[in-house]
Amino acid sequence: MGILEKISEIEKEIARTQKNKATEYHLGLLKAKLAKYRAQLLEPSKSASSKGEGFDVMKSGDARVALIGFPSVGKSTFLSLMTSTASEAASYEFTTLTCIPGVIEYKGANIQLLDLPGIIEGAAQGKGRGRQVIAVARTADVVIMMLDATKGEVQRSLLEKELESVGIRLNKHKPNIYFKPKKGGGISFNSTVTLTQCSEKLVQLILHEYKIFNAEVLFREDCSPDEFIDVIVGNRVYMPCLYVYNKIDQISMEEVDRLARKPNSVVISCGMKLNLDYLLEMLWEYLALTCIYTKKRGQRPDFTDAIILRKGASVEHVCHRIHRSLASQFKYALVWGTSTKYSPQRVGLTHTMEHEDVIQIVKK
């Protein structure tokens with residue numbers, strides 16, 4: 001029995017098992033086995049003689065956004081509208097066969113946008129170049145999931161399922177569980193909150209399934225067995241996702257309103273160029289980027305060339321971005337903007353910068 005058959009057997013078993021107190025251990029073990037087989041499926045086989053052709057795209061710009069969706073939802077049209085890159089668009093499926101990068105220039109930042117080939121059902125098992133598409137998606141900062149507004153909700157749930165099965169968790173945070181395998185001493189289990197989904201016995205069963213018999217486990221929040229398995233496996237990627245519903249010019253106003261009110265969702269029409277500016281605003285928010293402007297002593301700030309950093313970046317990050325030796329020669333910095341109590345404020349390396357702050361660095 002191959003791995004795919006084993007996975008489908010376990011999925012059927014989970015589907016037909018009733019969820020109650022008596023079956024929670026059984027379900028927990030099945031989920032652990034399922035995660036294990038899926039991990040094996042993702043690892044490239046050692047015996048494969050010919051190397052599979054990947055989409056090796058150089059990471060460039062200040063952030064990377066992956067465009068994922070089923071064939072013919074308008075990904076290539078969107079790329080052509082947003083960037084100066086022309087991606088072939090046609091009315092037949094699978095027009096795009098490789099990864100096409102483009103650059104969105106917005107608020108002084110260069111955001112790399114990757115138009116990935118359409119995903120089909122079973123992509124996680126390697127169908128239709130699905131593995132390469134998903135591997136590139138794992139390297140992105142934000143995923144834009146392009147959906148056809150005329151096709152209802154079925155596309156979204158299928159795509160989420162494909163990405164979930166390869167360890168991409170959309171719009172979720174990392175479970176707050178401390179887990180450390182040890183050389184000996186058995187399994188020590190503790191929790192700082194009341195657990196309703198996991199118990200000590202279930203945790204031990206899952207760990208035994210992974211051949212772990214000595215470990216320290218501390219639950220700091222009420223997590224499910226699935227989340228605990230994610231912590232053990234450790235290769236999960238947690239990333240923000242924007243659900244973009246395209247072709248809204250082909251559905252009723254009531255349906256547009258319903259889709260627009262869903263969390264993490266934006267409605268657009270590439271054909272009629274509707275709502276694209278709002279999508280860019282949302283993308284900026286999800287990427288959590290900040291623009292920092294620099295100023296030389298006795299001169300006006302340079303507002304033409306911003307330094308783009310992640311939210312929560314400190315003065316030290318700014319120094320490293322300007323020149324790698326600058327932090328070692330740093331004396332103090334003067335900062336104007338919303339991160340200070342008064343302008344200018346004299347700050348040290350640990351000061352946290354905010355969007356559109358101006359900084360002047362003084363060396364020793």
Side-chain angles (χ1 to χ4, degrees), residues 57-68 78-85 99-116 136-144 171 237-242 244 264 266 276-297 299-330 332-340 343-345 347-363:
V57 181
M58 267 286 287
K59 203 165 186 175
S60 69
D62 302 298
R64 185 179 231 187
V65 176
L67 204 51
I68 283 184
F78 177 73
L79 182 87
S80 304
L81 280 174
M82 290 304 209
T83 69
S84 53
T85 309
C99 176
I100 297 168
V103 175
I104 302 173
E105 290 175 7
Y106 186 66
K107 289 190 180 177
N110 290 333
I111 301 164
Q112 188 182 36
L113 183 67
L114 301 179
D115 177 17
L116 296 167
V136 173
R138 283 174 75 97
T139 65
D141 300 301
V142 168
V143 167
I144 288 184
N171 296 327
V237 181
Y238 298 86
M239 60 170 67
C241 172
L242 258 178
V244 177
N264 310 311
V266 180
L276 296 175
D277 48 349
Y278 176 65
L279 171 55
L280 274 179
E281 271 176 50
M282 287 289 283
L283 186 60
W284 181 265
E285 219 170 278
Y286 274 61
L287 285 167
L289 297 174
T290 52
C291 296
I292 311 294
Y293 300 108
T294 54
K295 175 187 178 310
K296 288 180 181 170
R297 185 179 285 179
Q299 293 181 17
R300 293 181 69 80
D302 180 11
F303 290 118
T304 54
D305 189 19
I307 294 173
I308 308 294
L309 294 165
R310 285 294 150 96
K311 213 172 240 171
S314 65
V315 173
E316 194 172 355
H317 291 110
V318 179
C319 292
H320 286 310
R321 181 58 73 88
I322 296 168
H323 195 275
R324 62 176 181 270
S325 67
L326 188 57
S328 58
Q329 301 168 347
F330 178 88
Y332 65 89
L334 294 172
V335 175
W336 292 256
T338 51
S339 69
T340 58
S343 291
Q345 184 175 330
V347 297
L349 280 173
T350 54
H351 176 78
T352 305
M353 304 294 287
E354 284 183 15
H355 186 48
E356 294 187 337
D357 276 359
V358 174
I359 186 168
Q360 177 187 319
I361 294 168
V362 180
K363 294 201 287 188

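All values reported here derive from a predicted model rather than from experimental measurement.
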Measure the OG1-CE distance between T290 and M353 for me, rounded to the nearest 0.5 Å.
-> 8.0 Å
In this structure, CZ of R310 is separated from CG of L289 (nearest 0.5 Å) by 5.5 Å
Run the side-chain contact (heavy atoms from CB on, under 4.5 Å) check on N110 and E105 step by step: do they pass?
-> CA-CA 5 Å; N110 290 333; E105 290 175 7; 3.3 Å; yes
Under the side chain to side chain contact (heavy atoms under 4.5 Å, CB included) test, which residues partner S314, sequence neighbours left out?
-> E316, H317
Does D62 reach the main-chain N or O of I111 with its side chain, forming a donor-acceptor pair under 3.5 Å?
-> no
Determine whether V244 and L67 make a side-chain contact, defined as any pair of heavy atoms from C-beta on separated by less than 4.5 Å.
-> no
Please tell me if the side chains of L309 and R321 come closer than 4.5 Å, counting only heavy atoms from C-beta onward.
-> yes
For the residue pair E354 and I292, what are the closest heavy atoms and their distance?
-> O-CD1, 3.5 Å
Carefully, step by step, assess I144 and V266 under the rule side-chain contact (heavy atoms from CB on, under 4.5 Å).
-> CA-CA 10 Å; I144 288 184; V266 180; over 6 Å; no
Looking at I307, L334, V315, V347, which one forms a side-chain contact (heavy atoms from CB on, under 4.5 Å) with I359?
-> V315
Does G312 offer a backbone N or O that forms a donor-acceptor pair with the side chain of T352 under 3.5 Å?
-> no
Determine the minimum heavy-atom distance between G337 and D357, stating which atoms define it.
-> CA-OD1, 3.3 Å
Is a donor on one side and an acceptor on the other found under 3.5 Å between the side chain of D302 and the backbone of Y293?
-> no
Atom pair CG (L283) and OH (Y106), whose distance is rounded to the nearest 0.5 Å = 9.0 Å
Passes side-chain contact (heavy atoms from CB on, under 4.5 Å), T338 versus H355? Steps please.
-> CA-CA 8 Å; T338 51; H355 186 48; over 6 Å; no
If you measure from CG on L81 to CG on L279, what distance do you get to the nearest 0.5 Å?
-> 11.0 Å
Point-to-point distance, once rounded to the nearest 0.5 Å, from CZ of R300 to NZ of K295 = 9.5 Å
Nearest 0.5 Å, what's the CG-SG distance between L349 and C319?
-> 5.5 Å
Does atom CZ of F303 have more than 12 heavy-atom neighbours from other groups under 6.0 Å away?
-> yes
In chain order, what residues pass the side chain to side chain contact (heavy atoms under 4.5 Å, CB included) check against N171, with sequence neighbours excluded?
-> P240, C241, Y243, N264, Y286
So, do L326 and K363 sit near enough that their side-chain heavy atoms are less than 4.5 Å apart?
-> yes
State whether the side chain of D141 and the backbone N or O of R64 hold a donor-acceptor pair below 3.5 Å, judged by distance alone.
-> yes
